[in-house]
Amino acid sequence: MLTWMDSLKGRSMMRLTSFTDEEMLNLIDLAAQLKARRAAGVRGNLLHRKNVALIFEKSSTRTRNSTLVAIRDEGGNGEYLTRPDIHFGKKESVKDTARVLGRIYDGILFRGFRQQDCEDLAKHSGVPVWNGLTDDYHPTQIFADLLTVQETFGSLKDVTVAYVGDGRNNVANSLMMGCAKCGVRYVCCTPRELWPDEAILAEAEAVAKRNGVDIRVFDDPVKGVKGANVLYTDVWVSMGEEAKTAERIKMLRPYQINMDLMRATGNIDGRLMFLHCLPAFHDNRTEATKDCGALEVTDEVFESKYSKVFDESENRMHTIKALLVSALCDRASV
Ligand code: CP
Ligand code: NVA
């Protein structure tokens, strides 16, 4: 029996604040149900005849494939549109693109640079729009992260997540708010230059307080991770910031997640996991890292028993499916 809230019907997600705390927890539970349903071999019709446009200005392995397979699993159709494919923002404004695609599609998932473009698509298309990553936020990722924590520890209660790395990027911004909304303690370990934006931090702190948890920011990663149950990192250079690569590697070297940092949690024999949204620079086998070795995480941690990164990446599919189904499915037809 699938359980989702009627309030989610027709809803867009620009960032995690698009949902109430209760709706967010409900979406994580719905994703767990959809995951079990798929494991039981069910390919349903929850998105029967629904058409979803995927507008992608940046590369993607997980978000693109999770969304397309999630839609297909439930009888719908997804269309992958990259910048060169359509006139988006070049010959045709975002507003006009939204009005055209909104007449054709039932929903739009957007991955791009500007948060404002995502919001303009939602404003003018008349259909639900989901943020599949912008420079500022990566909300779909966080549902998968928290589902992975819930599955591994059995609950989100009494959990501390320590994010170590670029503390003001899209993943860090959304993770901070996701933890706050779900009552998970959040610690950010990052150099002063990369501390979270003050307004984004203050907004998340207010939500965390409401849910009885706190948010702390440290520039010393060894102090910061003490007591953490989840060590989380992301790339040091996000898409679109490539010009900053050398500067970031220098600045963030002391923030690499290695076994010493895992041990510094004090939980090496207890409740402890490693998460990364991926892609990860954990070894020297890829073209991009062949000359610099491991960056944000060592191979030892990435391949260890603590690492749940592939559960996390699989959960992208189940959580995106939950978002799409709750917004698009006609509940009466289930
Ligand atoms: N984590 C994530 O969003 O991965 P992709 O860039 O491959 O979609
Ligand atoms: N912060 C990263 C996330 C990739 C999924 C980026 O924006 O490139």
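For this chain, numbers begin at 1 and follow the sequence in order. Whatever order the structure lists ligands and atoms in, that order sets their numbers, starting from 1. Quantities reported herein were computed from a predicted structural model and do not represent experimental measurements. Reckoned from all heavy atoms, side chains included, excluding hydrogens, waters and symmetry mates.
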(message) For atom 7 (O) of ligand 1, what's the nearest protein heavy-atom neighbour? Residue, atom name and distance, please.
(response) Thr61 N, 2.6 Å
(request) State the atoms of ligand 1, each with its element, that fall below the 4.0 Å cut-off from a heavy-atom position in Ser60. (result) 5 (P), 6 (O), 7 (O), 8 (O)
(message) Using the side-chain contact (heavy atoms from CB on, under 4.5 Å) definition, which of the options Asp158, Val230, Thr160 pairs with Arg271?
(response) Asp158
(message) Just to confirm my output: which protein heavy-atom neighbour is closest to atom 3 (C) of ligand 2, and how far is it?
(response) Asp234 OD2, 3.6 Å
(message) Can a donor-acceptor pair be found, under 3.5 Å and without considering hydrogens, that links the side chain of Ser307 to the backbone of Glu303?
(response) no
(message) Quick check for you: to the nearest 0.5 Å, what is the distance between Ser313 atom OG and Lys308 atom NZ?
(response) 13.5 Å
(message) Does Arg43 have more than 12 heavy atoms from other residues, nucleotides or ligands lying within 6.0 Å of its CZ?
(response) yes
(message) Please determine whether the number of non-hydrogen atoms from other residues, nucleotides or ligands lying under 6.0 Å from atom CD of Gln116 exceeds 12.
(response) yes
(message) Within a 6.0 Å radius of atom CD on Glu198, are there more than 12 heavy atoms belonging to other residues, nucleotides or ligands?
(response) no
(message) For ligand 2, which is the ligand I care about here, please tell me if Arg111 has any N or O atom under 3.5 Å from one of the ligand's N or O atoms.
(response) no
(request) Show which atoms of ligand 1 fall inside a sub-4.0 Å distance from at least one heavy-atom site of Cys277. (result) 1 (N)
(request) To the nearest 0.5 angstrom, please state how far the OG1 atom of Thr82 sits from the CD1 atom of Ile55. (result) 10.5 Å
(message) Suppose I only count heavy atoms of Asn169 and a 4.0 Å limit; which atoms of ligand 2 are within that range?
(response) 1 (N)
(message) As an exercise, identify every atom of ligand 1 less than 4.0 angstrom from a heavy atom of Leu278.
(response) 1 (N), 2 (C), 4 (O)
(message) Checking a contact table here: which protein heavy atom is nearest atom 8 (O) of ligand 2, and how many Å away?
(response) Met239 N, 2.8 Å
(request) Show which atoms of ligand 2 fall inside a sub-4.0 Å distance from at least one heavy-atom site of Ser238. (result) 1 (N), 2 (C), 6 (C), 7 (O), 8 (O)
(request) Counting heavy atoms only, name the option from Arg316, Arg111, Arg64, His276 that's nearest to atom 6 (O) of ligand 1. (result) Arg111
(message) Tell me whether the NZ or CZ atom of Arg64 lies within the 45° cone about the ring axis of Phe56 and under 6.0 Å from its centre.
(response) no
(request) Could you list the atoms of ligand 2 found under 4.0 angstrom from a heavy atom of Val235? (result) 2 (C)
(message) Quick test: of every protein heavy atom, which one is nearest to atom 4 (O) of ligand 1, and how far off is it to 0.1 Å?
(response) Arg62 NE, 2.8 Å
(request) Please report which non-hydrogen protein atom sits nearest to atom 4 (C) of ligand 2, along with the residue it belongs to and the distance in Å to one decimal place. (result) Leu133 CD1, 4.0 Å
(message) Quick test: of every protein heavy atom, which one is nearest to atom 7 (O) of ligand 2, and how far off is it to 0.1 Å?
(response) Asn170 ND2, 2.8 Å
(request) Pull out every atom of ligand 2 sitting under 4.0 Å from any heavy atom of Leu278, numbered as shown with elements. (result) 5 (C)
(request) Determine whether the aromatic ring centres of Phe302 and Phe281 lie less than 6.0 Å apart. (result) no
(request) Test side chain to side chain donor-acceptor pair (under 3.5 Å) on Ser7 and Glu23 and set out the steps. (result) CA-CA 8 Å; Ser7 63; Glu23 285 167 344; 2.7 Å; yes
